[in-house]
Amino acid sequence: VTVTIRSRDDVSLKTFERVAFGGEGVTIAPGARKAMQKMHDRYQEYVEANQDTFIYGVTAGGGPDAKKRFSLDQARQRQSRRMPWKGLSFGGPALPEYVSRGTVLTTLTMMVEGHTATHPERADAIAKLLDARKLPDLPSRGLTAAGELMPNFILFNAVPRSRNGGGFSAGSGNGSQMSSAMAAVCAVLSRRRLGLAEKVLALSIEAFNAPLEAYDPDLKAMWDDEHESAALDNLNALLRGAGKPRRFYQAPVSYRIIPRVLGQAHRALAGLEEVAEISLRAVASNPTYILPSKKHPLGKTISTGGYHNALSAPAIDWMAASWVDLASLMQRHIVKMHKGEVSLLPDRLLPEGTDYTTGYSTTYVEYVVNDFLEEMRRLAQPTFLGANEVAASEQDDVPIPTPLAFTMERQVAQCFDNTLAVLAAVASQALHATNRPAQPPLRRLLDEIRTLFPPIESSREIGNELQTLTNTISHSIESGSGRLAA
Amino acid sequence: MTVVLDSRRDFTLENFRRVAVDGESVRFSAKAKKAMNDAHKSFLALLEQDRTQFIYGTTSGGGPQAKIPIPPAEQRKRAREWGRRRSGGGGFGGGYVDDRAVRGMIFCRLANYIEGNAKSRAVVAEGIASMLDKPLPKVPLDGQVGAGEILPLAHVLSKLPPMELEEGEPMALVNGSPCSAALAGDVALQARNRLENAHRVFALSIEGFQAPLAAYDPDLAANWGSPWEGEALRLINQNLKGGKRAGRRFYQAPVNYRVLPRILGQAHRAVELMEKAAATSIASVTDNPVYILPTKEHPYGRAFSTGGYHNGMAYPAMDMLSHSWADLASIADRQTTKFHNAEVSLLPHMLMKPDTEGWGTGGLGFIQVGFGEKARWAAQRTFLPPSEGGGFAQNDVASPTFLAYQKESIAATCLDSAMAILAVVASQAFWAVERKTPKGPLGETLEYVRSYVAPVDGRGSRKLGDEIEKLANAFGAYALTTEYPEAGANGSRDGRARATARRAKAGAR
């Protein structure tokens, strides 16, 4: 299956998911190819007519050489050279291939309407990368430069300009496509992760037998916030058929504020999705070719800061912070569930007549999540603009923040999955200890949890099982399918 | 002037501003008073149906005592006792919340009441509103991070006139999240103005640097597709009016100049999120227990426990804003230093004329470092606090809005300082190349900056830090009032200051 791109508007989070995660290829529609050819040709005229002006990368050098001027003959000679580096970055585990695939897709988005004046053959060659068995790996570190040349060196070095030698193009890869792809990847995975988190929190509510009034749909009108309303709607759908009677008095704060903390997670996710959608469709090339108009019949070329996506990192950071706050609630639930005086459940979820030394419950697992949570707090700090001079060239002096935000969020999310797994296991144990079923919408989820982590009725090695449960959760989120997919 | 409150629709950011900043009083419409009194009556009827039902704080104790029922015969008496208690609050340190934000807290407190969701009589709401017309309570900034907002509200309500409370009314006084709403409102009111000021200074910097204007071409808005970047481009171009169109440097400016529209765009996004969080929070009913008014299905209404007292949107929005202030301070730092580096800026070395001596403004690059670092320090993330201190397992998650508020305030002050330094350096760049004052907004900004800090010509001895601090304070004042104070207000050095300030003010509008 192939995604056909006619214009920038064809690229959305949905198409991104198909290409980056689903492995589909991309075809540039004939009409778009024609438009690209036309803009490419028009750009050659523009360059001829404006050869005495500053055109970054054509009549002027790049980066620190921007102040050097070149004739068109010199420029043609320079263009025939390939990028001087095949890749400089290294460090950390390789990023999943969906980052590379997404970056290729967003590169095509920049080109498809002609704003980079790219020859369509070169665009075809870039699209063809998606048909290869495997794209080059991007390392998770060493990508934080001014603009996105670091990943471009790795991904696009081997792509020929075009069969006919091409003409000039306008910064055809010098944009912020990797940052856009990272925002989109994070958005896709976060929606899956939040869906599963809501289910586990609803299971925790049921296991704790928390009064349901804190999730009453009438609160939507009181709070009047779309994201808190979404949280309330989802919780109510997941709590349908919840058991009765509930505990007489209100549950601890960590249960009652779930809709508001979940609401913030929804807000962060909605913001991230909005930023991703905008970024995916953005033409952020430097230079940018502004298409011909009545006022500028040959178009115009301008040097911009498009290669710096400033929206993605804060949006990703916000998501990461939401994982921390949700995990904080989960940690409270894990502890409180084992505290009989608070939960009104069997103390430490132990069978009657036993104590913790038997190992017949999940007690002491409370300790396990503490370092996950503390690690998350450290990793989820905001990603600021690097304050240091980032290179010898004082010209290229502000680094892109998104790669760091992206890798930090991934680590936060991993710790979150660990915490989610522990809460799922503990909630399962609480229902088991009181001989209660899960509410109907979550029975299948509980079965799946118990397949991987059966209720504890005898002493056994819990850590390994929790690791397996975590791995299954993370895999379901990464793949969007599987036993625990939201 | 008095703000008349009729329904929750009147709890707007604009009315918040009128009450908090402009010092207006509030009064309730007859309809609102009737709604409150009717709701209290129907709540009492609900209670009479079964005085053993769980209604937090009415038929049960509060906090860790929630599990302990209050015998029906004691419920009225207990309400009266609670009404007579005034703890005054236990927080201390960190200075005090500004009076305007305290006024905001009193205003926001009334959102639960106005349509009857606080199950309280109009007389109680009027008692709260009356605090706006008397000496305000002092609310310390520190020691206010607990579950819900009982801690700060104890301070806010310390000046509540004595009154006899009835069932349902005591808990409505101290529950909910009006303090977070007010702090969000206070930040939101200043955020857009602060960003506008940053726009003016950055425009002056662009012009002083002679950065090519292509990076701010309005056509980029359609290419980027982001409304916030579009707004940034619009304001940059608006503030660049009067600048040179031709004869600028031949090649592109350093990245820090070219990425400005995108970084300012993110700041616009942060401001928008802050304003939305504030507007939503100010109008929300957040009481616990909340009273849902009677319906056909529930003729006496319903009262139930919620987590409304926890505002989950204010502190993340403040954090996002702090992040932007820190990033803008970083850009100001870069520009300050690049201005003085002739090889990069193509301007005179150290921005000094050939026949002058000294460093001029060259040392200000050092000064910027500290403000940027402090802004980043202040903009560290605010999480739900790990400690359950004081919660007795039941009240186990604290609300961190006071922390985020203080941090944003520090980050914002650092930005004002960073902007003041950059403004002075940009002004120096005009002086160093003997450029005339441009017309339009650029000229107004330049004259305003010079009314506080004249170009440094190497003659005489000046306490430049003191001068720049006054300019930074003026920027801070603008954020709050949208009026640039005249230099004379805090130490005018220049007879032109008043006229210039008036022009700048007019331009700002």
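Below, chain A is the first sequence line, B the second, and so on; all start at residue 1.
With rounding to the nearest 0.5 Å, the separation of CZ in B:Phe250 from CZ in A:Phe54 is 6.5 Å. Note that the NZ atom of B:Lys276 and the NE2 atom of A:His227 stand 5.0 Å from one another [nearest 0.5 Å]. If you take OG on A:Ser254 and CG on B:Asn395, they are separated by 10.0 Å, rounding to the nearest 0.5 Å. Rounding to the nearest 0.5 angstrom, the gap separating the CE atom in B:Met313 from the CG atom in A:Asp225 is 4.0 Å. Interatomic distance, CD of A:Gln264 versus CG of B:Asn311, reported as 9.5 Å (0.5 Å rounding). With rounding to the nearest 0.5 angstrom, the CG atom of A:Asp397 is 10.0 Å from the OH atom of B:Tyr257.
Using a 4.5 Å heavy-atom threshold, the side chains of B:Ser284 and A:Glu228 count as separate. Taking the side chain as every heavy atom from C-beta outward, A:Asp216 and B:Thr306 never approach each other to under 4.5 Å. Side-chain atoms of A:Ile278 and B:Trp228, non-hydrogen and from C-beta on, do get closer than 4.5 Å to each other. Between A:His308 and B:Arg258, every side-chain heavy-atom pair lies at or beyond the 4.5 Å cut-off. Counting only heavy atoms from C-beta outward, the side chains of A:Ile257 and B:Tyr309 approach each other to under 4.5 Å. Considering only heavy atoms from C-beta on, A:Leu219 comes within 4.5 Å of B:Phe304 through its side chain. Looking at B:Thr286 and A:Arg260, their side chains come closer than 4.5 Å, going by heavy atoms from C-beta outward. Annotation: side chain of A:Asp325 is in contact with side chain of B:Tyr315 (closest heavy-atom distance under 4.5 Å).
For the options B:Lys338, B:Arg249, B:Glu229, heavy-atom pairs under 4.5 Å to chain A are most numerous at B:Lys338. Looking only at heavy-atom pairs under 4.5 Å with chain A, the residue among B:Glu115, B:Gln53, B:Arg262 that has the most is B:Arg262. Ranked by non-hydrogen atom pairs under 4.5 Å with chain B, the options A:Ser176, A:Ala310, A:Gly386 are led by A:Ala310. Your options are B:Pro254, B:Gly312, B:Pro212, and the one with the most heavy-atom pairs under 4.5 Å with chain A is B:Pro254. Ranked by non-hydrogen atom pairs under 4.5 Å with chain A, the options B:Ser322, B:Gly308, B:Pro261 are led by B:Gly308. Comparing A:Gly263, A:Ala282, A:Pro211 by how many heavy-atom pairs each has under 4.5 Å with chain B, the most go to A:Ala282. By number of non-hydrogen pairs under 4.5 angstrom with chain A, the leading residue of B:Ser330, B:Ser226, B:Pro316 is B:Pro316. Note: A:Val283 leads A:Ile258, A:Leu291, A:Val283 in heavy-atom pairs under 4.5 Å with chain B. The candidate from B:Ala253, B:Pro386, B:Ala147, B:Gly225 with the greatest count of non-hydrogen atom pairs under 4.5 Å with chain A is B:Pro386.
Proximity to chain B (any heavy atom under 4.5 Å) is shown, for A:Pro314, by both the backbone and the side chain. Contacts of B:Ala329 with chain A are absent, with no heavy-atom separation under 4.5 Å from either backbone or side chain. In this structure, chain B has a heavy atom under 4.5 Å from the side chain of A:Asn286, while its backbone stays farther away. With a 4.5 Å cut-off on non-hydrogen atoms, A:Ala315 touches chain B through its backbone and its side chain both. For B:Asn288, the part lying near chain A is the side chain, with the backbone staying farther off; criterion is any non-hydrogen pair under 4.5 Å. Residue contact with chain A, scored on non-hydrogen atoms closer than 4.5 Å, is absent for B:Ser345. Both the backbone and the side chain of A:Arg377 come within contact range of chain B, with heavy atoms under 4.5 Å apart. Looking at A:Phe384, the atoms closer than 4.5 Å to chain B (heavy atoms on both sides) sit in the backbone and in the side chain alike. Residue contact with chain A, scored on non-hydrogen atoms closer than 4.5 Å, involves the backbone and the side chain of B:Ile263 alike. For a residue to count as touching a neighbouring chain, one of its non-hydrogen atoms must lie under 4.5 Å from one of that chain's; by this rule B:Ala393 touches chain A with backbone and side chain alike. Heavy atoms of A:Val335 lying under 4.5 Å from chain B are absent altogether. In this structure, chain B has a heavy atom under 4.5 Å from the side chain of A:Lys336, while its backbone stays farther away. Only the side chain of A:Ala146 comes within less than 4.5 Å of a heavy atom of chain B; its backbone N, CA, C and O stay farther away. For A:Lys339, the part lying near chain B is the side chain, with the backbone staying farther off; criterion is any non-hydrogen pair under 4.5 Å. With a 4.5 angstrom heavy-atom cutoff, A:Ser328 touches chain B only via side-chain atoms. Residue B:Leu346 does not touch chain A at all, counting heavy-atom pairs closer than 4.5 Å. Looking at A:Leu311, both its backbone and its side chain come within 4.5 Å of chain B, counting heavy atoms on both sides. The part of B:Leu273 that comes within reach of chain A is its side chain, from C-beta onward, which places non-hydrogen atoms under 4.5 angstrom from that chain. Proximity to chain A is limited to the side chain of B:Asn341, based on heavy atoms less than 4.5 angstrom apart. If you measure heavy-atom distances from A:Asn388 to chain B, the contacts under 4.5 Å come from the backbone alone. Contacts between A:Ala251 and chain B at a heavy-atom distance below 4.5 Å involve the backbone alone (N, CA, C, O). Heavy atoms closer than 4.5 Å to chain B are found nowhere in A:Ser285, neither backbone nor side chain.
For the pair B:Ala379 and A:Pro382, the tightest heavy-atom approach, listed with the atom from each and the gap, is O-CG, 3.2 Å. In plain terms, the two heavy atoms of A:Asp218 and B:Ile292 that are nearest each other are OD2-CG2, 3.6 Å.
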- Task: Evaluate the criterion side-chain contact (heavy atoms from CB on, under 4.5 Å) for residue pair B:Val259 and A:Tyr307; output intermediate values, then yes/no.
- Result: CA-CA 8 Å; B:Val259 299; A:Tyr307 45 77; 3.8 Å; yes
- Begin from the C-alpha positions of A:Val253 and B:His310 and carry the test side-chain contact (heavy atoms from CB on, under 4.5 Å) through to its verdict. CA-CA 9 Å; A:Val253 167; B:His310 182 92; 5.6 Å; no
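Side-chain atoms of B:Asn256 never come within 3.5 Å of backbone atoms of A:Val398 as a donor-acceptor pair (strictly under, hydrogens ignored). Checking side-chain atoms of B:Arg8 against main-chain N and O of A:Met222 turns up a donor-acceptor pair under 3.5 Å. Under the 3.5 Å distance criterion, the side-chain polar atoms of A:Glu213 are left unmatched by any main-chain donor or acceptor of B:Ala303. The backbone N or O of B:Gln252 lies less than 3.5 Å from a partner atom in the side chain of A:Gln395, making a donor-acceptor pair.
Of the charged side-chain nitrogens involved, none lies within less than 4.0 Å of a carboxylate oxygen, so that B:Arg269 and A:Glu274 do not count as a salt-bridged pair. A salt bridge is absent between B:Arg334 and A:Glu394; no separation between the charged side-chain nitrogens and carboxylate oxygens falls under 4.0 Å.
A perpendicular orientation is assigned to the rings of A:Phe248 and B:Phe54, their planes being inclined by more than 60° (bins at 30° and 60°).
A side chain to side chain contact (heavy atoms under 4.5 Å, CB included) with A:Thr304 is found for one member of B:Asp217, B:Leu220, B:Asn223 and no other, namely B:Leu220.
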